[in-house]
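Counting begins at 1 with the first residue of the sequence. Everything quoted here is computed from the prediction, not taken from an experiment. All values below were derived from every heavy atom in this structure, side-chain atoms included, with hydrogens, water molecules and symmetry-related copies excluded.
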Amino acid sequence: MNPLDDPLILYTRAWLGVRLDRLRTEERSRGASAIEWAIITGILASIAIAIGLVIFNKVKDAGNNIKVGNGTGNGGR
């Protein structure tokens, strides 16, 4: 008895053959290339950094505008 004649093995080999054939003949220009993904990632990173800087500056300005006493306990007199 040949183990390669098992129906599960035959089915798996046929399925893999079909998948490999599809991969070999599939159109290569489908989807974004690595360069396009790098450009998209760079743009999104720039936007995220810009938003982060705006938020940081707003928080820093708000923190600088907080009035504090002189630490004597008499309300800054």
Side-chain angles (χ1 to χ4, degrees):
M1 172 153 195
N2 187 354
L4 295 178
D5 289 336
D6 184 81
L8 181 61
I9 300 294
L10 292 173
Y11 174 78
T12 305
R13 287 181 61 200
W15 181 80
L16 281 173
V18 169
R19 287 295 298 153
L20 289 173
D21 187 52
R22 279 189 201 161
L23 288 173
R24 287 185 188 124
T25 60
E26 198 170 277
E27 186 178 326
R28 297 281 180 208
S29 64
R30 247 175 76 183
S33 68
I35 298 295
E36 291 168 333
W37 280 114
I39 292 170
I40 291 168
T41 303
I43 291 170
L44 291 176
S46 300
I47 292 170
I49 290 170
I51 291 171
L53 285 173
V54 168
I55 292 171
F56 176 78
N57 287 331
K58 294 271 185 189
V59 170
K60 189 171 96 175
D61 290 344
N64 288 337
N65 289 332
I66 295 175
K67 304 277 190 251
V68 293
N70 61 4
T72 60
N74 58 10
R77 290 187 234 170

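- Checked against side-chain contact (heavy atoms from CB on, under 4.5 Å), L53 has the following partners two or more places apart in sequence or in another chain: I49.
- The CG atom of L8 sits 4.5 Å away from the OG1 atom of T12 when rounded to the nearest 0.5 Å.
- A donor-acceptor pair under 3.5 Å links the side-chain atoms of N65 to the main chain of D61, judged by distance alone.
- Side-chain heavy-atom separations under 4.5 angstrom define the hydrophobic clusters, and L10 shares its cluster with no other residue.
- Counting side-chain heavy-atom gaps under 4.5 Å among Ile, Leu, Val, Met, Phe, Trp and Tyr, the cluster of I39 also holds I35, I43, I47, I51, I55, V59.
- If you chain together ILVMFWY residues whose side-chain heavy atoms come under 4.5 Å of each other, Y11 ends up grouped with W15, L16.
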